[in-house]
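Notes follow once the structure below has been shown.
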Amino acid sequence: MKDKVFGVLQRVGRSFMLPIALLPVAGLLLGIGGSFTNETMLNAYGLMGFMGPGTLLYAIFTVMKEAGDIVFANLPILFAMGVAIGMARREKEVAALAAAVAFFIMHASISAMITIHGGAENLLAGASASVVGITSLQMGVFGGIIVGLGVAALHNRFYQIELPQVLSFFGGTRFVPIISALVYTLVGILMYYIWPPIQSVIYSVGNVVLNSGYLGTWIYGVMERALIPFGLHHVFYLPFWQTAVGGTMEVGGRLVEGAQNIFFAQLADPTVEQFASSATRFMSGKFPLMIFGLPGAALAMYKTARPEKRKAVEGLLLSAALTSMLTGITEPLEFTFLFVAPALYAIHCVFAGAAYMLMHIFNVGVGMTFSGGLIDLFLFGILQGNAKTNWIWVVIVGIAYFIVYYFLFTFLIRRFDLKTPGREMSDEVKLYHRSDVDKKRRSGKKESAGGNAFKENGMSSGSSVSESDEISARICEGLGGRDNISDVDCCATRLRCTVHQSEKVKTDVLKSTGASGVIQKGNGVQVIYGPRVTVIKSHLEDYLEKMPEASVPRTYDGQTPKNCQINSEPKSCVIASPYTGIAADISKAPDEGFASGAIGEGAFVELTGPDIVAPADGTVSFVFDTHHALGFKTIDGIALLLHVGIDTVNLRGKGFEVRVKEGDLVKKGDILMRVDLNYVRQHAPSLASPIVCTELDEDSRVRLLCSGPVKAGEDLLQVQIGN
């Protein structure tokens, strides 16, 4: 159960990254535009005549300010679309459109309910807001997240739905916006009654933190850093940044909720004389930590390295330190000592909380878009002036943090002989990874067969491929092979993957691709690469799409069944359906591995009958241990994979009664397996059951003979072998 929760939270967290990625450029536009159109600042620096109102520069900066402000003003709908895209399995553009439709309809329904019940004046103060021009409840990005998650669930359930012939035009992806519109009409009505009590609870939670003073700020900072290793920090801090949990404030005549929204509303308001530290307390603590503290730790690790290895370790630590200082991405450094010495990371979390608390104590009003690096400090601190931000305390506290981190880390590393980079006895100099710890813990365990099959299929045979393909091949191997990969995505620093069988994941192989760490929790795998992860993800997706069939890991080795006589050169043969149900082309299968054709050509059948029968005379090649699939070779030499349902490997054999074993010679129509349809329907994503030809050469062709209702034993596929 915990692993499932982790997997869901991981997907939700990474889905936040798409709308969050907009914030740096929007903040850049708003920061520069707001700064150079603020008449107070222009007067302070004597720039009024050069770039004051009426000048070309003032007009340009005004446009920049408005362009940035519009993003922050419409974050809820951006989150609705971004979360829907992130959580949708396929056809993500349809999910985005459906999310926008659902968002408008939900708020329009709420608006209608407000009007029916006497208007916004009958609501509590601050309970209503203008959302994309619609008078609705003040839901913030929570409203967008509710839409995004709900639409993604509807999308994944219905994007391949087949309607009766008369309504078939509205089937498939066209049905998703339709069902989303209907559902969110009802959701909007319900939200009118449900959201006000929820709003009260949210305000109460925020008040507990806000009223806890400096202690509450310290706890926030500790928790934010402590969740980094689990990849759940986005889920934690986002409510503080974007919802009433982080406080509410009236800025420029309108009520604004969420710490980051409050800061940027004040940034855009020329009448604000000092930014509210009650909002920036949830952001400003990152600056002394990332710009000063962690680089101090990097210097300590460099100084404590063995003299003969300092030259080699210098480049690694300098790059990681500069990344932390400039961009605020700290994981390359943090993971270096997290898995070697967890006690160091615990101390680091305590100091992180103290950094947030000190910035709060010194009334520092520096906000940020995404990170706590030098770029954000310059734009939202230095450029705004010390009178508005008290940014000088970032430098004062930061220098102290650099000194403390340097001497504390130096002492602890030497005192306890911690094997930070350059202190290990091996010749290799590297940043440490979580996989180093995992390798020791898992030593002696049997390696996954998936990785070995991957090697046996030639991906490490020295074939001429690009460097990016070689890295992608190793990542694929480390994740247990192409068939084991369910989902690939990334956030700012991590490749976030979901696999079918967690035991097939090989962290040492993933580590060899240059990862700073590997986190595995159930079927969720996070591989930390730093800022270059988006490029790695893109190369991996391209590799998986063009991956030759011969490189797909196989359980069956392709040898001729011992009890089966093979005709030498068949030209064409017909394969019957092993299933009873609704047949369709394999390209429409609700699983990317099958639909892409990477496993083989064929068809799938949405099961309506329990019996799985032999599609031709032949031999049972293999039976999976989990009984959800089996291999079959026809008397004409055609290798088939019969896979019952989608992701049914997770059922561990429950719901399947296999009546044959490997090597059995069977006749067409013989029962191979019986399926408990009710159990599988309730516990698996889909009853769509592929039948694919796994070993055809490039000149062979497969043609679907039946689309729609089909009975087991009826003709389904025609296989044309050769020219």
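Any value given below was found using the heavy atoms of this structure, including those in side chains, with hydrogens, waters and symmetry copies removed.
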Side-chain touch [X]/[Y], heavy atoms, less than 4.5 angstrom:
{"X": "K661", "Y": "V623", "answer": "no"}
{"X": "L78", "Y": "L75", "answer": "yes"}
{"X": "M139", "Y": "P76", "answer": "no"}
{"X": "I575", "Y": "L716", "answer": "no"}
{"X": "L704", "Y": "L717", "answer": "yes"}
{"X": "I178", "Y": "F170", "answer": "yes"}
{"X": "I586", "Y": "P690", "answer": "yes"}
{"X": "S686", "Y": "E606", "answer": "yes"}

Let me confirm one number: the [atom1]-[atom2] distance from [X] to [Y], rounded to the nearest 0.5 Å.
{"X": "L641", "Y": "T694", "atom1": "CG", "atom2": "OG1", "result": "6.5 Å"}
{"X": "F632", "Y": "C693", "atom1": "CZ", "atom2": "SG", "result": "12.0 Å"}
{"X": "F79", "Y": "I146", "atom1": "CZ", "atom2": "CD1", "result": "13.5 Å"}
{"X": "T507", "Y": "L479", "atom1": "OG1", "atom2": "CG", "result": "11.0 Å"}
{"X": "T185", "Y": "L190", "atom1": "OG1", "atom2": "CG", "result": "11.0 Å"}
{"X": "D617", "Y": "T634", "atom1": "CG", "atom2": "OG1", "result": "9.0 Å"}

Listed by chain and number, what are the side-chain contact (heavy atoms from CB on, under 4.5 Å) partners of [X], not counting sequence neighbours?
{"X": "A153", "answer": "none"}
{"X": "R652", "answer": "Q501, E503, T626"}
{"X": "L705", "answer": "V574, R703, D715, Q718"}
{"X": "A112", "answer": "none"}

Provide the closest heavy-atom pair for [X] versus [Y] in the form atom of the first, atom of the second, distance.
{"X": "A684", "Y": "T648", "result": "CB-CG2, 3.8 Å"}
{"X": "L510", "Y": "A515", "result": "O-CB, 3.8 Å"}
{"X": "V620", "Y": "V666", "result": "CG2-CG1, 4.4 Å"}
{"X": "G713", "Y": "A576", "result": "O-CB, 3.5 Å"}
{"X": "M673", "Y": "L630", "result": "CE-CD2, 3.9 Å"}
{"X": "A99", "Y": "V151", "result": "N-CG1, 3.8 Å"}

### Query
Which pairs, with at least one residue in residues 668-679 and sequence neighbours excluded, count as a salt bridge (charged side-chain N to carboxylate O under 4.0 Å, His left out)?
D611-R674
Between [X] and [Y] (side chain of the first, backbone of the second, donor and acceptor by atom type, cut-off under 3.5 Å), is there such a pair?
{"X": "S486", "Y": "V499", "value": "no"}
{"X": "Y192", "Y": "S111", "value": "no"}
{"X": "K92", "Y": "I85", "value": "yes"}
{"X": "S689", "Y": "L687", "value": "yes"}
{"X": "T580", "Y": "A712", "value": "yes"}
{"X": "N156", "Y": "M87", "value": "yes"}
{"X": "D489", "Y": "R496", "value": "no"}
{"X": "T619", "Y": "S621", "value": "no"}

#### Entry: Pair listing, ring-ring contact (aromatic ring centres under 6.0 Å, His included) test, anchored in residues 636-673, at least two apart
F594-H643, H628-H643
### Task
Enumerate the residue pairs fulfilling ring-ring contact (aromatic ring centres under 6.0 Å, His included) with a member in residues 83-103, sequence neighbours excluded, ordered by first and then second residue.
F103-H107
### Query
What pairs with Y679 under ring pair (Phe, Tyr, Trp, His ring centres under 6.0 Å), at least two apart in sequence or on another chain?
H683
### Task
Could you pull out all residues at least two apart from F104 that satisfy ring pair (Phe, Tyr, Trp, His ring centres under 6.0 Å)?
none
### Task
Decide yes or no on side chain to side chain contact (heavy atoms under 4.5 Å, CB included) for I691 and L642, but give the supporting numbers first.
CA-CA 5 Å; I691 170 175; L642 311 184; 3.6 Å; yes
### Task
Apply the test side chain to side chain contact (heavy atoms under 4.5 Å, CB included) to residues K506 and K504: give CA-CA distance (whole Å), side-chain angles for both, the deciding distance (0.1 Å), then the verdict.
CA-CA 6 Å; K506 300 170 69 176; K504 288 188 175 183; over 6 Å; no
### Message
Going by side chain to side chain donor-acceptor pair (under 3.5 Å), name the residues that satisfy it together with D585, two or more places apart in sequence or in a different chain.
### Response
S587
### Task
Identify, with sequence neighbours excluded, every residue that meets side chain to side chain donor-acceptor pair (under 3.5 Å) alongside H500.
D647
### Task
Give the intermediate values and the outcome of side chain to side chain contact (heavy atoms under 4.5 Å, CB included) for residues V644 and I612.
CA-CA 9 Å; V644 182; I612 313 302; 4.3 Å; yes
### Task
Determine whether more than 12 heavy atoms belonging to other residues, nucleotides or ligands lie under 6.0 Å from atom NZ of K588.
no
### Task
Check the surroundings of atom CZ in R157: do more than 12 heavy atoms from other residues, nucleotides or ligands lie under 6.0 Å from it?
no
### Query
In chain order, what residues pass the salt bridge (Lys or Arg N to Asp or Glu O under 4.0 Å) check against E657, with sequence neighbours excluded?
R659
### Task
Any chance you could lay out the side chain to side chain contact (heavy atoms under 4.5 Å, CB included) test for N650 and N523, step after step, and finish with the verdict?
CA-CA 10 Å; N650 298 321; N523 290 351; 4.0 Å; yes
### Task
Flag the pair K537 and E541 as a salt bridge only when some basic side-chain nitrogen lies within less than 4.0 angstrom of an acidic carboxylate oxygen.
yes
